Structure formats: C-alpha cells, structure tokens
Number of protein chains: 2
Amino acid sequence: MPRQTFFKLKEEKKEAITQAFLFEFSHHSFEDASITAVVKKLRIAKGSIYQYFEDKLDLFLYLKEESEQTKMQYIMHLNREDYSDFWSYYRELYVQGIKFDKEHPLKSRFLYHINFLISSPAIKELAKSWKEKALMMMQQMIQKEIEEGHFRKDLPLLSMAHFLYTISISMGEYMERVHRVDVSENLKAELPLLQGTQESLLKSIDDYIILLKSSFNKP
Amino acid sequence: MPRQTFFKLKEEKKEAITQAFLFEFSHHSFEDASITAVVKKLRIAKGSIYQYFEDKLDLFLYLKEESEQTKMQYIMHLNREDYSDFWSYYRELYVQGIKFDKEHPLKSRFLYHINFLISSPAIKELAKSWKEKALMMMQQMIQKEIEEGHFRKDLPLLSMAHFLYTISISMGEYMERVHRVDVSENLKAELPLLQGTQESLLKSIDDYIILLKSSFNKP
DNA sequence: ATACAAAATGACCAACAAGTCACATCATAT
DNA sequence: ATATGATGTGACTTGTTGGTCATTTTGTAT
C-alpha cells in the first residue's frame, strides 16, 4: 500500500506520477522498468518516490489496483442476467472495454501488458495467482452456461476456460493488428490505443465471437 | 553469427554453454538474462563468451536458430497432403512437438518463451517480424483450406489466422496446467516439460482441436 | 625444445539500478 | 516571527550489468 503521503498529494501531481509510471511499466518487464529514469523525466527527486511507496513492488501493485478499479467502473454494472445470450453479454464487455481504452489509454495498456509478465522473477508467483483467479472466474461463467443448456458439455471445463481466456486476452492484439495501430506512438501522444472507428472495432469483435460461438455453443 | 572459435569447441563444451544459456533466456527477458550469472555457473571466463559471440544478441539469435533447426527436424517431414483433413495434420504437428519437448526440453521451453518477449526493447522489432511471419504462414494454410472447401469463408482471413495462432501458442500452457506440471522444476532437472502420459497429453490436444474444428470447419 | 598462433582469462570500465538518509524546504499554527 | 512536523531532495551506497583487453595458457608444427 502506498504511504499516506502519496494520497495527500494534490491530484495534479499524483496524476503525473501515476501516468509516468504506467507508461514505464507498460514498456518494460518489472525488473527493467526504471524508477530512476521516470523520476528524471518527472523532474522530481528519487527520494520522493520512496516517501510515497514502500518499494518498487508497492508502486507496481498500486498501479494495478488503480487501473483495475477504473476498469471495473466500466464493466461492473453489466450483468449476464440482462442478456438473452452469453455472447451479447460478452460483446458488451468489449464495448465497455473500448470505451475504457479510449478514456484511459495508459491504464488500458498497462493492464494488457501485465498478462505477459510471467517471466519476471520478482512477480512470477503473483502473476500466476492472478491468472489462476481469472481462469476460475471463466470456469464459473462457462459452468453456468453449460448448466443452463447453452454450451456444449462434452469437453472438460478447464479446456474451455483456457480457450476462452486465451482468446479474450488476444482480442486486443487482434484489434491492433486489424487497424494497423502503432500502440506505442498513441501511448506517447496519450491517444486511445485503438484508433479504428467504433463500428470497425466492433466488427473485429464480432468476427472473433462468431468463431467462439461456433466452438462453445451446443451444435 | 557466432565466431569460428565457437564452432571449433569440442561438442561437450559447446553443449554445456548452449544449455546454460537456453536455461537463462527461458527464465528472463532478454534484458534481464545475465551473461555474468551464466558464466559464473559454467565456471568459465566472461571473456570467453565474447570470443564465441559478437554480443548478447548474437548469442540469443544463435540459440533461436539452433532450437528452431532442431524442432524443424521433428516437423519438417510432415505434409498436409498426406492427411485427409487439416486437423489430423495439425494434431500430428503436436505429436511431434511433444516428442521434441521430451528430447529437447530446454530448446522447447526457450522457443515457447520467445513468444512473450514483445516487451524487450532490444528485440521488440525482431520479435514483431517473427510474429508477422508466423501469421503469414497461418494465413496461407487457412487460405488453402478455404479454397478446397474445408473451412468456412465468411470471415476475414486475418481473424482466423490470429485466432489459430493464439490458440496454437497457448496449447503448451494448457497442457502444463492440465497436468499440473512445475515446468521450472523439470527444466532444472532436465526432464521433459510435459510430464503426462502420451495419451493424456494427446487428450488435451484433442479437446482443443474439437473446439477449433467447430470454429473453422464449414457448418 | 622452440616458435607461433589460437584460445582462455579475469581484472577492469562505464553505465546503470534500487534504495537510503542527513539535510533543506515548506506549510501551518500559534 | 517562531516553532514544528510533514515533504522534498540528491549525493551516496551497494550491487549489478555488458563488454574490453593486456596478459597468460594451451595446442600444434617443426
């Protein structure tokens, strides 16, 4: 947890610090992300950072927590029950995700990047447990659909969960590719990562969903 | 390219060096992989490494080349034409992949790890182009299946290629998870990464293929 | 035994990192 | 104006890295 000092900072400074580190941690492994480099760019003393945070990990976890909470505000209100089928619910998650990306590109990128930090020794175990948790949630969702007779039930739950999880993560990358976006450039300019029109972005999602639907739905 | 000196080394030493660095580069990002640490474990002078290789990147690329060539020997002889349908061909690729993993666990792990090195600034561009190439190959394969009337043709090629690529990469991780393997432990002991019985490993692949088949085949 | 080239060595360098801490500065209350 | 506690600072420590190079060791041909 960040120290009290950090929370007492005026919003402007807190924001600047957060943004700068989100950027740094979105471009390097945990180990390679350089506090020294960021404070230099921010033009504040390195000591200050250690008035705000316990250590590098504390800082990192704050960014994660913060980004996740922001994203939560976009998707929290969505309920499976309000949709007649799973895929329209799933689609809506991405619609909100695109909105989140538009309004918080740095946080969006950071959260995406986190998924590929398995090889950072310092957070390997943590990353593993996060993934475990995400997979469990997927399993529960799928289980429910099976029970209600929407999804096939001839395959192991874990297999379907892993499949869906993998594809869900890769969706962002696919959209980048389709729209030939230079994510890095957009990040620097603080533009949304995904530059396509709303409808062309949704088209990408729909294509993916068609594939997923064919896999998961009962024949 | 490694220097001549390296190739003149006796097989034993060459092997020891290769193995040690495969291990190191399978556990860290390119930047974090430490030559200093490896030579210490190998009990050779750091200077020697620079008699063998131009620099860190040269060493890394050698490992990649070497690992890929070894893997190629396992899958090169497979031809789509020899199989009545795409998925039995695809399955056979994994059968051979498992064999490769059994006999060359370090190389297998290294090649897998490479797929997640997008965030290493020093090799980012390279990694991108490798991925581009892999995607192109996927596209070609899928295109052919579409032309021959086996795959659906109502979706963009790129979407299908990306989908298949993503799932193909994740297959290894799925097998790990199903068999509750501690990959790191097995690597250290130089055991195959995948510890399930041949048939239970194949079962995992088959489950995945069932999902893929439903997605890709014509309804 | 001598000569010569090839290979191995490890102290050394410059650059960089995370984290510390004695001190300076600032804001507020009196 | 003064005192006090909270913030801010950046030189410093300790440790790491990739890479170099003058020197020594080794292998081989004569």
Side-chain angles (χ1 to χ4, degrees), chain A residues 1-18 20-63 117 119-124 126, chain B residues 1-18 20-25 27-64 117 119-124 126:
Chain A
M1 279 279 289
R3 303 182 193 281
Q4 277 311 310
T5 320
F6 179 68
F7 293 114
K8 284 194 240 156
L9 254 38
K10 40 181 158 165
E11 204 52 44
E12 213 176 28
K13 187 167 187 181
K14 227 165 59 184
E15 197 60 26
I17 290 173
T18 304
F21 280 105
L22 280 171
F23 188 87
E24 178 73 4
F25 278 110
S26 298
H27 283 81
H28 300 90
S29 70
F30 177 79
E31 279 75 15
D32 280 334
S34 163
I35 293 174
T36 311
V38 173
V39 294
K40 200 184 277 182
K41 203 159 269 181
L42 278 172
R43 297 171 147 281
I44 64 175
K46 183 149 59 161
S48 295
I49 297 300
Y50 288 89
Q51 302 260 29
Y52 308 149
F53 303 96
E54 293 267 353
D55 53 23
K56 200 180 186 183
L57 184 59
D58 187 39
L59 164 55
F60 177 85
L61 291 179
Y62 165 73
L63 296 175
L117 260 42
S119 70
S120 286
I123 57 165
K124 196 179 185 166
L126 273 174
Chain B
M1 278 278 291
R3 302 181 192 283
Q4 276 311 309
T5 321
F6 179 68
F7 293 114
K8 284 194 239 155
L9 253 39
K10 39 181 159 169
E11 205 52 44
E12 212 176 27
K13 187 167 187 181
K14 229 166 57 188
E15 196 61 25
I17 291 172
T18 304
F21 279 106
L22 280 171
F23 188 88
E24 179 73 4
F25 278 110
H27 284 80
H28 301 89
S29 72
F30 177 79
E31 280 73 16
D32 281 335
S34 163
I35 293 174
T36 311
V38 173
V39 294
K40 200 183 277 184
K41 203 160 269 183
L42 278 173
R43 298 170 145 281
I44 64 175
K46 183 148 59 162
S48 295
I49 296 300
Y50 289 88
Q51 301 259 29
Y52 307 149
F53 303 96
E54 294 268 353
D55 53 23
K56 200 181 185 181
L57 183 60
D58 186 39
L59 165 55
F60 177 86
L61 291 178
Y62 164 73
L63 295 175
K64 176 169 184 278
L117 261 42
S119 69
S120 286
I123 57 165
K124 196 179 185 165
L126 273 174

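Protein chains get the first letters and strands the later ones, always in sequence-line order, with residue 1 at the start of each. Note that this is a predicted model, so its numbers are computed, not measured.
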Got a second to check how far [X]'s [atom1] is from [Y]'s [atom2], nearest 0.5 Å?
{"X": "F53(A)", "Y": "L59(A)", "atom1": "CZ", "atom2": "CG", "result": "5.0 Å"}
{"X": "L57(B)", "Y": "F30(B)", "atom1": "CG", "atom2": "CZ", "result": "5.0 Å"}
{"X": "L63(A)", "Y": "S26(A)", "atom1": "CG", "atom2": "OG", "result": "8.5 Å"}

Separation of [N] [atom2] from [X] [atom1] (nearest whole Å):
{"X": "F7(B)", "N": "dA7(C)", "atom1": "CZ", "atom2": "C1'", "value": "16 Å"}
{"X": "I123(B)", "N": "dG18(D)", "atom1": "CD1", "atom2": "C1'", "value": "16 Å"}
{"X": "I17(A)", "N": "dT9(D)", "atom1": "CD1", "atom2": "C1'", "value": "14 Å"}
{"X": "K40(B)", "N": "dG19(D)", "atom1": "NZ", "atom2": "C1'", "value": "16 Å"}
{"X": "K14(A)", "N": "dT7(D)", "atom1": "NZ", "atom2": "P", "value": "13 Å"}
{"X": "R3(B)", "N": "dT20(D)", "atom1": "CZ", "atom2": "C1'", "value": "12 Å"}
{"X": "R43(B)", "N": "dT9(C)", "atom1": "CZ", "atom2": "P", "value": "12 Å"}
{"X": "L42(A)", "N": "dG8(D)", "atom1": "CG", "atom2": "C1'", "value": "14 Å"}

Can you sort out which residues in residues 49-59 of chain B have a heavy atom within less than 4.0 Å of DNA chain C? Ascending by number, please. Q51(B), Y52(B)
Show the numbers, then the answer: is there a side chain to side chain contact (heavy atoms under 4.5 Å, CB included) between V38(B) and F23(B)? CA-CA 9 Å; V38(B) 173; F23(B) 188 88; over 6 Å; no
Residue closer to the 5' end of DNA chain C, K8(B) versus G47(B) (nearest nucleotide):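 Checking each residue's closest nucleotide, the 5'-ward one belongs to K8(B).
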If the cut-off is 4.0 Å, is K13(B) near the phosphate of dA8(C), judged by side-chain N/O to OP1 or OP2?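 For dA8(C), OP1/OP2 do have a side-chain N/O of K13(B) under 4.0 Å.
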Please tell me if K46(A) has a side-chain N or O lying less than 4.0 Å from either OP1 or OP2 of dT9(D). no
Worked check of side chain to side chain contact (heavy atoms under 4.5 Å, CB included) between L117(B) and F60(B): CA-CA 12 Å; L117(B) 261 42; F60(B) 177 86; 3.9 Å; yes
Mind running a 4.0 Å heavy-atom check of residues 30-37 of chain A against DNA chain D and sending the residues that fall below it, in number order?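 Those residues: none at all.
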For D55(B) and Y50(B), work out which heavy atoms get closest and say how close.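 Shortest heavy-atom separation between D55(B) and Y50(B) comes out as CA-CE2, 4.1 Å.
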Report the nucleotide, chosen from dA8(C), dG10(C), dT9(D), that has the shortest atom-to-atom distance to any side-chain atom of A45(B).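 Side chain of A45(B) sits closest to dG10(C).
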With a 4.5 Å limit on heavy-atom distance, are the side chains of H27(B) and P121(A) in contact? no
Please find out if less than 6.0 Å separates the ring center of F21(A) from that of Y62(A).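 Ring-ring flag for F21(A)/Y62(A): false, centres at least 6.0 Å apart.
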Answer yes or no: is there a donor N or O on one side and an acceptor on the other, between the side chain of E24(A) and the main chain of S34(A), under 3.5 Å? yes
